[in-house]
Amino acid sequence: MALYSEKVMDHFRNPRNVGVIEDADGVGEVGNAKCGDIMKMYLKIDNGVIQDVKFETFGCGSAIASSSMATEMIKGKPVDEALHLTNKAVAEALDGLPAHKLHCSVLAEEAIKSALLDYYRKNNIPYDEAQFSEKAECSHGCCAEG
């Protein structure tokens, strides 16, 4: 059995939505150089709908594929729907990730939430703090001190 699905390989080789949105309505960056994966997401939002999304990812193939798939899953969606995208949904959309690479889908979820939190704050939009992790860096534990 192959280590990576065809979808993972496709999104790694041909990532969708790579780049920067200069006048982004929300920008989020998560990750840690210690584990080698850093994701930055840019959102363009109009009337509560994500019109455009771009990403820059420094990391492994699974991190790039997770970023690419996550952007595809939220583009054109209402902000509230994007906020509920889970790492599990990203991994499933990629037809699975190896257990030791699941943290890549977690980073994709966290990057989106970080960008949405930035959007809410910039626009003084009320939000439920429980939906966001203030420390979205490497919550998967590979970078834990000690």
Side-chain angles (χ1 to χ4, degrees), residues 4-143:
Y4 297 105
S5 72
E6 285 297 318
K7 282 189 183 178
V8 170
M9 294 308 296
D10 180 41
H11 278 268
F12 167 63
R13 290 184 181 124
N14 307 293
R16 284 68 151 178
N17 306 307
V18 176
V20 175
I21 298 174
E22 293 297 337
D23 59 343
D25 296 308
V27 179
E29 185 172 344
V30 297
N32 191 309
K34 290 180 189 174
C35 68
D37 296 323
I38 299 172
M39 291 183 187
K40 193 166 188 177
M41 293 271 180
Y42 303 86
L43 303 175
K44 191 70 178 165
I45 300 169
D46 187 31
N47 290 323
V49 176
I50 298 172
Q51 300 298 322
D52 197 11
V53 55
K54 301 278 187 213
F55 77 91
E56 295 178 300
T57 293
F58 177 82
C60 65
S62 293
I64 293 166
S66 292
S67 301
S68 175
M69 180 58 80
T71 61
E72 288 285 281
M73 294 175 78
I74 66 167
K75 195 172 193 176
K77 301 284 196 258
V79 168
D80 290 343
E81 192 174 323
L83 184 59
H84 291 97
L85 180 71
T86 65
N87 67 295
K88 183 179 178 190
V90 173
E92 286 175 0
L94 288 168
D95 291 336
L97 288 169
H100 67 284
K101 293 295 184 179
L102 282 174
H103 69 273
C104 295
S105 62
V106 172
L107 283 177
E109 174 188 341
E110 290 176 345
I112 290 166
K113 285 185 177 178
S114 178
L116 288 170
L117 182 58
D118 182 52
Y119 166 71
Y120 287 151
R121 288 178 173 166
K122 282 179 179 174
N123 292 282
N124 296 313
I125 298 170
Y127 59 90
D128 179 1
E129 289 183 30
Q131 291 183 306
F132 299 93
S133 168
E134 277 300 316
K135 186 174 185 299
E137 290 184 21
C138 227
S139 65
H140 49 83
C142 76
C143 303

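Predicted model, so just to flag it, every value in this text is computed and none were measured.
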Output all residues satisfying side-chain hydrogen bond (donor to acceptor under 3.5 Å, both in side chains) with [X], sequence neighbours left out; order by chain, then residue number.
X    : answer
D95  : none
S62  : none
S105 : none

For [X], what residues pass the side-chain contact (heavy atoms from CB on, under 4.5 Å) criterion, not counting sequence neighbours?
X    : value
K88  : T86, E92
N124 : none
A63  : D37, M39, T57, C60, C104

State the CD1-CG distance between I112 and L117, to the nearest 0.5 angstrom.
->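 Between I112 CD1 and L117 CG, I get 13.5 Å after rounding to 0.5 Å.
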To the nearest 0.5 Å, tell me how far N14 CG sits from M9 CE.
->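 If we round to the nearest 0.5 Å, N14:CG and M9:CE are 10.0 Å apart.
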Pair listing, side-chain hydrogen bond (donor to acceptor under 3.5 Å, both in side chains) test, anchored in residues 72-82, at least two apart =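 side-chain hydrogen bond (donor to acceptor under 3.5 Å, both in side chains) check on residues 72-82 returns N17-E72, N17-K75.
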Where at least one partner belongs to residues 43-53, residue pairs that pass side-chain hydrogen bond (donor to acceptor under 3.5 Å, both in side chains), sequence neighbours excluded =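 Of all non-adjacent pairs touching residues 43-53, those that pass side-chain hydrogen bond (donor to acceptor under 3.5 Å, both in side chains) are D23-K44.
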Heavy-atom side-chain contact between [X] and [Y] under 4.5 Å:
X    : Y    : value
D25  : K122 : no
E109 : V106 : no
E29  : E56  : no
L116 : L43  : yes
L107 : S66  : no
V53  : Y42  : no

Considering all heavy atoms of both residues, which atom of H11 and which atom of S68 are nearest to each other, and what is their separation?
->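 Closest heavy-atom pair between H11 and S68: ND1-OG, 2.7 Å.
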What are the two closest non-hydrogen atoms of M41 and S67, and how far apart are they?
->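 Taking M41 first and S67 second, the nearest heavy atoms are CE-O, 4.0 Å.
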Which word best sums up how the rings of F132 and Y127 line up, parallel for under 30°, tilted for 30 to 60°, or perpendicular for over 60°?
->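 Perpendicular: the ring planes of F132 and Y127 meet at over 60°.
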Short question: side chain of D128, backbone of A130 - any donor-acceptor pair under 3.5 Å?
->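 Flag set: sc D128 to bb A130 pair under 3.5 Å.
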Just by modelled atom types, is the V27 backbone N or O under 3.5 Å from a matching donor or acceptor in the D118 side chain?
->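 Confirmed, D118 side chain pairs with V27 backbone.
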Criterion side-chain contact (heavy atoms from CB on, under 4.5 Å) on L97 and V8, from CA distance to verdict | CA-CA 8 Å; L97 288 169; V8 170; 3.8 Å; yes
Between Y119 and I50, does a side-chain contact (heavy atoms from CB on, under 4.5 Å) hold up when you go through it step by step?
-> CA-CA 11 Å; Y119 166 71; I50 298 172; over 6 Å; no
Set of residues satisfying salt bridge (charged side-chain N to carboxylate O under 4.0 Å, His left out) with respect to R16, sequence neighbours excluded =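 With neighbours one apart ignored, the set is D10.
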